[in-house]
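Report on one structure; see the data block that follows.
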Amino acid sequence: MTILVTFFLSCLVFIGMIGASEKFYDCDVYSDEANIPTENTYCIKDFEDGKFYCKSWTCADPDCPEEQQLAQEGSSCPICPDTCTNGGIIFDKGDSIKCVDGSNKCTCTDTGVVISTRRGTNKFWFCGVPEN
């Protein structure tokens, strides 16, 4: 029985080490870049502490039939014609939303490409730390 319990606890510790090691407001925090999910995830690196602060999302369901859905370059989320996606959020051509980085404004262009402002971000804006 002791061996089984020790094995079980060892597995839990190992599984915990594979994913995010901690939370920071709305972000999962990773010490090892190799453990970061590769799809539907955006991360920034804090060069002071060397950690990666990441947000992951699920794709919104497009409002058009599946046979009309398109792939947007740079995203695994399907979209409808005349729409774009950023961070799993679908928005119409010509509209702007706050980018997934928490700092920039993303705009859906007439060609269906998302463009954004180029303001820098940090873990506080990105992870949703409340303003005082």
Side-chain angles (χ1 to χ4, degrees):
M1 180 70 168
T2 303
I3 293 171
L4 183 59
V5 170
T6 303
F7 174 76
F8 178 72
L9 291 175
S10 297
C11 288
L12 286 178
V13 170
F14 177 72
I15 290 168
M17 289 170 39
I18 291 174
S21 58
E22 58 187 283
K23 291 287 284 181
F24 180 76
Y25 293 90
D26 297 338
C27 291
D28 292 319
V29 182
Y30 297 85
S31 297
D32 185 352
E33 188 174 11
N35 293 333
I36 297 172
T38 57
E39 196 169 282
N40 297 340
T41 300
Y42 183 84
C43 301
I44 62 170
K45 183 175 183 178
D46 184 325
F47 290 98
E48 287 185 23
D49 65 16
K51 295 180 181 179
F52 297 89
Y53 294 80
C54 303
K55 284 185 179 179
S56 296
W57 59 86
T58 55
C59 299
D61 291 327
D63 289 335
C64 59
E66 192 171 334
E67 61 272 5
Q68 293 179 4
Q69 293 175 16
L70 310 167
Q72 179 177 295
E73 185 179 332
S75 174
S76 62
C77 296
I79 57 171
C80 296
D82 299 323
T83 65
C84 295
T85 184
N86 181 266
I89 299 169
I90 296 172
F91 57 112
D92 293 328
K93 285 185 181 178
D95 288 349
S96 297
I97 63 169
K98 185 181 250 187
C99 297
V100 71
D101 69 9
S103 178
N104 286 288
K105 180 174 80 170
C106 284
T107 302
C108 183
T109 66
D110 288 340
T111 60
V113 174
V114 175
I115 59 170
S116 73
T117 55
R118 289 306 213 179
R119 178 179 171 188
T121 193
N122 60 51
K123 68 182 177 187
F124 303 103
W125 290 334
F126 180 59
C127 299
V129 175
E131 295 180 25
N132 292 334

Identify all side-chain donor-acceptor contacts of residues 58-65 below 3.5 Å with residues at least two apart in sequence or on another chain.
none

Point-to-point distance, once rounded to the nearest 0.5 Å, from [atom1] of [X] to [atom2] of [Y]:
| X | Y | atom1 | atom2 | answer |
| --- | --- | --- | --- | --- |
| Cys84 | Ile90 | SG | CD1 | 10.5 Å |
| Lys55 | Cys27 | NZ | SG | 5.5 Å |
| Asn86 | Lys105 | CG | NZ | 13.5 Å |

Checklist line | Least distance between heavy atoms, Cys127 atom then Phe24 atom | finding: CB-O, 3.5 Å

Next item on the list: Grab the two heavy atoms, one from Tyr25 and one from Gly128, that are nearest each other, plus how far apart they are.
Entry: CD2-O, 4.3 Å

Next item on the list: Applying ring-ring contact (aromatic ring centres under 6.0 Å, His included), name anything that partners Phe52, two or more places apart in sequence or on another chain.
Entry: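 Not a single residue meets the ring-ring contact (aromatic ring centres under 6.0 Å, His included) criterion with Phe52.
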
Note to self: Run the side chain to side chain donor-acceptor pair (under 3.5 Å) test on Asn104 and Thr121 for me, step by step, so that the C-alpha distance in whole Å, both residues' side-chain angles and the decisive distance to 0.1 Å come before the verdict.
What the structure shows: CA-CA 8 Å; Asn104 286 288; Thr121 193; over 6 Å; no

Next item on the list: Give the intermediate values and the outcome of disulfide (SG to SG under 2.5 Å) for residues Cys43 and Cys54.
Entry: CA-CA 4 Å; Cys43 301; Cys54 303; 2.0 Å; yes

Notebook entry, point to check: Do Phe126 and Cys99 touch side chain to side chain, with heavy atoms closer than 4.5 Å?
Noted result: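 Phe126 does not reach Cys99 side chain to side chain.
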
Checklist line | Tyr42 side chain near Asn40 side chain, heavy-atom distance below 4.5 Å | finding: no

Taking only residues two or more places apart in sequence or in another chain, which ones pass side chain to side chain donor-acceptor pair (under 3.5 Å) with [X]?
| X | answer |
| --- | --- |
| Thr107 | Ser96 |
| Thr41 | Ser56 |
| Lys51 | Glu22 |
| Lys23 | Asp28 |

Check: Which other residues belong to the hydrophobic cluster containing Val113, where Ile, Leu, Val, Met, Phe, Trp and Tyr are joined when side-chain heavy atoms lie under 4.5 Å apart, directly or via other members?
Finding: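 Result for Val113 is none, singleton.
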
Next item on the list: Hydrophobic side-chain clustering at under 4.5 Å (ILVMFWY, transitive links): who's grouped with Ile89? Put none if nobody.
Entry: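 Ile89 shares its hydrophobic cluster with Phe91, Ile97, Val114.
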
Note to self: Show me the pairs that pass salt bridge (Lys or Arg N to Asp or Glu O under 4.0 Å) and involve residues 90-102, at least two apart or across chains.
What the structure shows: Asp82-Lys93

Item checked: Pairs meeting criterion salt bridge (Lys or Arg N to Asp or Glu O under 4.0 Å) with involvement of residues 67-78, two or more places apart ->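 The answer is none; no pair qualifies.
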
Next item on the list: Ignoring hydrogens and angles, tell me if any N or O in the side chain of Gln72 forms a donor-acceptor pair with the backbone of Thr85 under 3.5 Å.
Entry: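 Yes, Gln72 side chain to Thr85 backbone: donor-acceptor pair under 3.5 Å.
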
Next item on the list: Could you list the residues that satisfy side-chain contact (heavy atoms from CB on, under 4.5 Å) with Asp46, not counting sequence neighbours?
Entry: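 Partners of Asp46 by the side-chain contact (heavy atoms from CB on, under 4.5 Å) criterion, ordered by chain and then number, come out as Glu48, Asp49, Tyr53, Lys123.
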
